[in-house]
Amino acid sequence: MSQQEDEDREFDLRWADQAEHKEPSARARMLAARWRENPPDPVPFRPDPGPAGPRRSSWVSTAVVLGCVAAVILLLGYIQTRAPY
């Protein structure tokens with residue numbers, strides 16, 4: 001093939017999808033070889049949920065965040081008034 005033909009040829013997904021044979025990826029080949037000797041155990045799509053811990057209500061979380069913000073503002077204001085000029 002000449003250099004000009006290579007430049008004129010367009011390689012895109014449609015061209016690749018029309019290929020007669022597609023070589024599997026290295027990971028697919030590795031897993032196929034491993035599973036041939038030792039097939040994986042079946043795994044459920046979604047496991048059963050574990051025990052749920054106690055949930056805090058949204059207003060408690062909001063109060064904690066606002067309390068922390070107020071404490072930081074007060075601390076910064078106290079440091080500002082105590083700083084010598």
Side-chain angles (χ1 to χ4, degrees):
M1 254 186 212
S2 69
Q3 177 89 13
Q4 188 176 10
E5 287 180 18
D6 282 345
E7 291 174 358
D8 292 338
R9 188 174 305 222
E10 181 179 341
F11 296 100
D12 59 4
L13 290 178
R14 287 177 302 194
W15 176 83
D17 288 338
Q18 293 171 356
E20 292 181 21
H21 176 71
K22 295 180 185 177
E23 183 176 334
S25 67
R27 177 167 174 76
R29 291 191 307 266
M30 177 200 64
L31 289 175
R34 183 185 301 171
W35 290 346
R36 221 175 284 127
E37 298 169 6
N38 186 13
D41 296 331
V43 178
F45 179 68
R46 290 193 177 150
D48 294 332
R55 287 189 51 107
R56 285 189 290 191
S57 64
S58 62
W59 69 269
V60 172
S61 298
T62 303
V64 168
V65 169
L66 291 177
C68 290
V69 170
V72 168
I73 290 172
L74 290 174
L75 179 65
L76 290 174
Y78 176 75
I79 291 173
Q80 189 76 5
T81 59
R82 300 283 296 167
Y85 290 102

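The basis for the numbers below is simple: all heavy atoms, side chains too, and nothing from hydrogens, waters or symmetry mates. Keep in mind that what you see is a predicted model, and the values were worked out from it rather than measured.
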(request) Return the set of residues passing side-chain contact (heavy atoms from CB on, under 4.5 Å) with P24 (not counting sequence neighbours), or none when no residue passes. (result) A28, R29
(request) Mind checking the SG-CD1 spacing from C68 to I73? Nearest 0.5 Å is all I need. (result) 11.5 Å
(message) Please determine whether residues M30 and W35 belong to a single hydrophobic cluster, defined as Ile, Leu, Val, Met, Phe, Trp and Tyr linked transitively by side-chain heavy-atom distances below 4.5 Å.
(response) yes
(request) Could you list the residues that satisfy side-chain hydrogen bond (donor to acceptor under 3.5 Å, both in side chains) with W59, not counting sequence neighbours? (result) S57
(message) Would you compute the distance between atom CG of L76 and atom CD1 of I79 and round it to the nearest 0.5 angstrom?
(response) 6.0 Å
